[in-house]
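Quick notes on the structure that follows.
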Amino acid sequence: MAAVQANVTTGVQANTKTSAKPVRPLANFPPSVWGTRFLSFSLDKSEFERYAMAMEKPKEDLRNLIVDPKMDSNEKLGLIYSVHRLGLTYIFLEEIESQLDKLFNEFSLQDYEDVDLYTISINFQVFRHLGYKLACDVFNKFKDVSSGTFKESITSDVRGMLGLYESAQLRIRGEKILDEASVFIEGKLKSVVNTLECNLAQQVKQSLKRPFHQGMPIVEARLYFSNYEEECSSHDSLFKLAKLHFKYLELQQKEELRIVTKWYKDMRFQEDTPYVRDRVPEIYLWILGLYFEPHYSLARIIATKITLFLLILDDTYDAYATIDEIRLLTYAINKWDISAMEQIPEYIRPFYKVLINEYAEIEKKMAKEGRANTVIASKEAFQDIARGHLEEAEWTNSGYVASFPDYMKNGLITSGYNLISKSALVGMGDNVGEDALAWYESHPKPLQASELISRLQDDVMTYQFERERGQSATSVDAYIKTYGVSEKKAIDELKSMIENAWKDINEGCLKPRQVPMDLLAIILNLARMIDVIYRYDDGFTFQGSTMKEYINILFVDSLPV
């Protein structure tokens, strides 16, 4: 930190006025594929309210079903599973937890002796997704005692294998049977997927592409509704509520997207900083992945604005500014005062002014509710990331490749994770008190794991592009340099670290929890969104097929009601 601060001070004294035109590390990012199409949306408030009212009857009917004492336990767990997959858990959380408390306390391994693989898998997922540590021993009976491998008989049960594969994604460290199941079942499903028909074929393809546990919750809910017709229509109230709920969310989220798109346009960011990636819908989608529930509307809008600030900062440092300009801008961000604007390059002054003013407005609004501390935490995280970017810029400027531990220490900051996660807390209301913020500040294990996924998954997909541009080395380069391994070995090791990090997040979400699940969900969902965006390519910079598909599903192709 001291070295960074020294560079900042030096930067302020540097004379950047030179007759030569500066050489800029331009990236020539592709333009937005969406243009201004989301500006034209107009929310019909009466229609919005009609959907809200129409949900009340199926809500009550479904609530009664969930607590029905006459329903068989396996049937009830199957119903709760569908409720969860459809994104409806938050509506019935109290009822669901009361039922799961009872069923979990009554659990006996003997009760599962005659139960099929699919049913056991569904039950296992329900308990694990809702925080109950059901033992993975429930799957022992599907292994051959003498060989120690899975019984060949399960390979004829595709639905059962699919359930076991999804269950394996919820494993924690030390659960060897689920480690083995993940590898074994994935191979088996890949070998049969092209022989399957109808919904089952689509279910397997989707799971192999991205298991539910690692997907974006609201999109996974829509895909479940499309691919699991039998499960969704098994109860009329479930089917009706799901359709109305999707439509209600769609209207609200389109309005939120319109609001942030208009704000971005009104702030003239594209005119003032044209070198920046134009990715407003993608950033909103990213934040929507953290929480889709209606009551977090304000939180989504605030977090989207701050993440757009982060994008402008990131692209200014990486794809436009010279090293002297980076030093000056970092100094100004750390001073955080409008008086520092005179010391920074003219092209970035409009951004700096909006940054200071917008944060001041958010802080003023939150102070009225006694929640200014979350805004201050976000602001400090923004300053941290500016210093981290300067550190990387100094490395690039001097041709230095950091050791892997040094890279990771700084890289976890420059990933933007800390800023996004803390900014996501700003508008969450009563869920974020002093204790919750202190827990975040203590840097707990699940947070560390999610940060690691954020940094490494990004690097594994972008390191070649960064090399071509002559930018700072990524974790791939740092690992190769530090441990003297091949590029393939480095990537394999980083992927193994990512896999273990997922296990740590899974464990951190199990009861007893230190903080409410709504706060842990941000940590879990940030890791999920990193997987969505970077599993197959750099889907953010180059607007890959996944983000396009998701934006179309949520904001373009309306679900018929």
Side-chain angles (χ1 to χ4, degrees), residues 65-66 68 70-86 96 99-100 102-130 132-171 175-193 195-208 211-213 220 224 227-235 238:
L65 263 180
I66 292 170
D68 183 359
K70 299 188 294 293
M71 187 182 289
D72 173 78
S73 61
N74 287 328
E75 184 185 353
K76 179 164 289 190
L77 288 169
L79 171 63
I80 293 172
Y81 179 76
S82 291
V83 168
H84 185 69
R85 288 291 303 261
L86 288 166
I96 287 173
Q99 296 300 303
L100 293 183
K102 181 176 180 293
L103 292 170
F104 187 71
N105 289 330
E106 294 173 350
F107 169 78
S108 169
L109 198 58
Q110 292 179 333
D111 294 339
Y112 280 61
E113 284 182 2
D114 298 321
V115 180
D116 63 279
L117 177 58
Y118 177 75
T119 302
I120 290 177
S121 297
I122 293 300
N123 293 0
F124 180 85
Q125 289 177 63
V126 169
F127 282 118
R128 285 287 177 105
H129 278 305
L130 275 298
Y132 297 81
K133 191 180 177 182
L134 189 68
C136 59
D137 295 352
V138 294
F139 296 110
N140 283 347
K141 70 173 190 170
F142 299 105
K143 292 193 75 175
D144 187 280
V145 178
S146 56
S147 67
T149 59
F150 283 97
K151 295 176 180 177
E152 193 62 30
S153 58
I154 72 169
T155 61
S156 61
D157 179 9
V158 176
R159 289 179 80 230
M161 285 199 297
L162 180 58
L164 178 54
Y165 181 65
E166 288 284 1
S167 298
Q169 312 312 313
L170 295 160
R171 65 193 185 275
E175 294 188 320
K176 187 179 177 183
I177 188 172
L178 295 181
D179 285 332
E180 293 171 355
S182 182
V183 176
F184 175 76
I185 300 298
E186 183 177 5
K188 293 297 182 182
L189 289 176
K190 284 181 176 177
S191 69
V192 301
V193 64
T195 68
L196 305 175
E197 297 178 351
C198 304
N199 282 353
L200 184 59
Q202 198 56 42
Q203 291 166 12
V204 173
K205 286 176 184 176
Q206 180 59 36
S207 189
L208 288 173
F212 161 66
H213 183 54
E220 290 297 324
Y224 184 80
N227 298 335
Y228 288 79
E229 284 180 21
E230 184 179 340
E231 290 81 353
C232 294
S233 58
S234 59
H235 299 283
L238 176 68

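Side chains of Tyr224 and Ser82 form a contact here, defined as non-hydrogen atoms less than 4.5 Å apart. Side chains of Gln169 and Gln125 form no contact here, defined as non-hydrogen atoms less than 4.5 Å apart. Within the 4.5 Å cutoff, the side chain of Phe139 has heavy atoms near those of the Leu117 side chain. The closest side-chain heavy-atom distance from Ile154 to Phe184 is below 4.5 Å. Two residues are said to be in side-chain contact when any heavy atoms from C-beta on lie closer than 4.5 Å; Phe127 and Leu103 meet this criterion.
Distance check: Tyr81 OH to Ile96 CD1 gives 13.5 Å after rounding to the nearest 0.5 Å. Taken to the nearest 0.5 Å, the CD atom of Glu75 stands 8.5 Å off from the CG atom of Leu65. Atom-to-atom distance recorded for Leu200:CG and Lys205:NZ is 11.0 Å, nearest 0.5 angstrom. Between the CZ atom of Arg85 and the OH atom of Tyr228 there is a distance of 5.0 Å, given to the nearest 0.5 Å. Note that CD of Glu220 and CZ of Phe212 are 6.5 Å apart. Values are rounded to the nearest 0.5 Å.
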Fill in: Chi angles and distances behind the side chain to side chain contact (heavy atoms under 4.5 Å, CB included) call for His129, His213
CA-CA 8 Å; His129 278 305; His213 183 54; 3.7 Å; yes
Practice prompt. Applying side chain to side chain contact (heavy atoms under 4.5 Å, CB included), run through Ile122 and Leu77 and close with a yes or a no.
Written response: CA-CA 8 Å; Ile122 293 300; Leu77 288 169; 5.5 Å; no
Worksheet item: Between Leu162 and Ile185, is a side chain to side chain contact (heavy atoms under 4.5 Å, CB included) present by the stated rule, with each step listed?
Response: CA-CA 8 Å; Leu162 180 58; Ile185 300 298; over 6 Å; no
Fill in: Candidate pair Ile120 and Lys141, rule side chain to side chain contact (heavy atoms under 4.5 Å, CB included), full reasoning
CA-CA 11 Å; Ile120 290 177; Lys141 70 173 190 170; 3.7 Å; yes
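For the 3.5 Å distance criterion, the side chains of Glu166 and Ser121 fail to qualify, holding no donor opposite an acceptor.
Pairing each heavy atom of Ser182 with each of Tyr165, the nearest pair is O-CE1, 3.7 Å. Here the closest non-hydrogen pair linking Gln206 and Asn227 is CB-ND2, 4.3 Å. The minimum heavy-atom distance linking Ile80 with Gln99 is given by the pair CD1-CB, 4.3 Å. Residues Phe150 and Ile177 come closest through the heavy atom pair CZ-O, 3.7 Å. The two atoms that bring Thr195 and Val192 nearest to each other are OG1-O, 2.6 Å, heavy atoms only. Minimum heavy-atom separation, Arg171 to Arg128: CA-NH1, 4.2 Å.
The local environment of CG in Asp114 is sparse, with at most 12 non-hydrogen atoms from other residues, nucleotides or ligands closer than 6.0 Å.
Put simply, the side chain of Ser167 gets close to the backbone of Gly163: a donor and an acceptor are under 3.5 Å apart. Listed for the Ser207 side chain is no donor-acceptor partner under 3.5 Å among the backbone atoms of Val204.
A side-chain hydrogen bond (donor to acceptor under 3.5 Å, both in side chains) with Asn74 holds for exactly one of Asn123, Asp116, Asp111; it is Asn123.
Below 30°, between 30° and 60°, or above 60°: for Phe107 and Tyr112 the angle between ring planes is above 60°, a perpendicular geometry.
Using a 4.0 Å cut-off between a side-chain N of Lys or Arg and a carboxylate O of Asp or Glu, Glu180 and Lys143 qualify as a salt bridge. Ion pairing of Lys76 with Glu106 is absent here, as no side-chain N (NZ or NE/NH1/NH2) approaches a carboxylate O to less than 4.0 Å.
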